[in-house]
Amino acid sequence: MKRKGKLIIVSGPSGVGKSTLIEETMKMRDDLCFSTSVTTRSPRPGEVDGEDYFFITPSRFAEMAENNELLEHATYVGNSYGTPRAYVEEKQADGWNVVLDIEVQGAAQVKEKEPDAVSVFVVSPSLEELEKRLTGRGTESPEKIRERLERAREEYKQAHKYQYIIVNGDLHAAAEELSAIITASHCLYEDRKNYLN
Ligand code: 5GP
């Protein structure tokens with residue numbers, strides 16, 4: 001039987017560079033796949049439906065939640081986000097490590113259902129740096145940026161619930177760390193104890 005893949009939860013405030021970090025780590029490894037979420041948020045310029053997110057209507061979202069098609073779901077700055085369950089389960093059963101880029105409420109739901117999920121919280125070198133990145137992205141209104149920074153401060157207070165912290169200053173170094181965390185998660189006693197028989 002194939003070894004079941006791990007769930008790798010990656011959280012951290014909006015604008016901290018989670019997507020880029022995940023992409024960079026995926027280039028380094030051939031055992032990682034990304035779970036594309038559903039969201040009711042409108043696409044940003046350059047975002048591709050089915051790649052960055054599946055962009056769906058609020059009524060379709062409610063239907064998926066109702067039918068238990070979502071592994072977890074949460075509201076973030078006025079929009080709904082969720083992880084489609086079927087993809088994650090299939091990939092894990094096939095031995096893939098599945099990366100979830102989700103916020104803290106969703107992460108707590110996943111940990112509850114799958115306690116051996118690996119949890120990583122990504123921070124920027126400073127909150128000033130984060131504000132610069134959010135402003136530089138140029139895709140959010142000043143009001144939305146303010147809300148997202150406010151939310152970032154709230155999220156930092158939840159970081160103690162995570163096993164690992166990555167400071168996303170140098171992208172390559174941060175990706176090396178994420179990759180090392182994934183490798184280490186497969187060396188845990190629980191995962192290796194069958195070698196002791
Ligand atoms: P953004 O709108 O900037 O793409 O994402 C906003 C926040 O929603 C980010 O913190 C991101 O990690 C989170 N997010 C994206 N997809 C999901 C999801 O499926 N579930 C949950 N709970 N959060 C998500």
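Any value given below was found using the heavy atoms of this structure, including those in side chains, with hydrogens, waters and symmetry copies removed. Order of listing sets the numbers, starting from 1, for every ligand and every atom in it.
Ligand-side atoms of ligand 1 in range of R41: 1 (P), 2 (O), 4 (O), range being under 4.0 angstrom from any heavy atom. Residue S14 has at least one heavy-atom neighbour below 4.0 Å for each of these atoms of ligand 1: 3 (O). Within ligand 1, counting atoms from 1 as listed, the ones closer than 4.0 Å to a heavy atom of A74 are 22 (N).
Look at R44 and you'll find a heavy atom under 4.0 Å from some atom of ligand 1.
Polar contact with ligand 1: absent for V38 (N/O pair, distance under 3.5 Å).
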* Asked: For Y53 and V48, what are the C-alpha separation, side-chain angles and deciding distance, and is it a side chain to side chain contact (heavy atoms under 4.5 Å, CB included)?
  -> CA-CA 7 Å; Y53 283 105; V48 179; over 6 Å; no
* Asked: Is there a side-chain hydrogen bond (donor to acceptor under 3.5 Å, both in side chains) between T183 and R29 once you walk through the steps?
  -> CA-CA 10 Å; T183 300; R29 307 181 63 103; 2.8 Å; yes
* **Step-by-step salt bridge (charged side-chain N to carboxylate O under 4.0 Å, His left out) determination, R148 to E143** => CA-CA 9 Å; R148 279 172 183 256; E143 173 61 15; over 6 Å; no
* With side chain to side chain contact (heavy atoms under 4.5 Å, CB included) as the test, would you mind laying out the steps for S119 and Y164 before giving the verdict? => CA-CA 6 Å; S119 60; Y164 298 99; 5.9 Å; no
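Counting protein heavy atoms only, atom 20 (N) of ligand 1 is closest to E72 OE2, 2.7 Å. The protein heavy-atom contact nearest to atom 5 (O) of ligand 1 is Y53 OH, 3.3 Å. Nearest to atom 9 (C) of ligand 1 among the protein's heavy atoms is K18 NZ, 3.4 Å.
Relative to atom 19 (O) of ligand 1, the option among A107, G106, S80, S37 with the closest non-hydrogen atom is S37. Closest heavy-atom approach to atom 12 (O) of ligand 1 among the candidates V104, D101, V77: D101. When the heavy-atom distances from atom 23 (N) of ligand 1 to R137, E103, H73 are ranked, the shortest goes to E103.
Taking the side chain as every heavy atom from C-beta outward, F54 and T36 approach each other to under 4.5 Å.
Between L70 and the choices E72, E66, H73, the side-chain contact (heavy atoms from CB on, under 4.5 Å) rule is met once, by H73. The side chain to side chain donor-acceptor pair (under 3.5 Å) test with D191 is passed by exactly one of K4, H186, K6: K6.
Proximity of E47 to ligand 1, defined as any heavy-atom pair under 4.0 Å, is not found for any part of the residue.
Nearest approach of E103 to A74, heavy atoms of both residues: OE2-CB, 3.2 Å.
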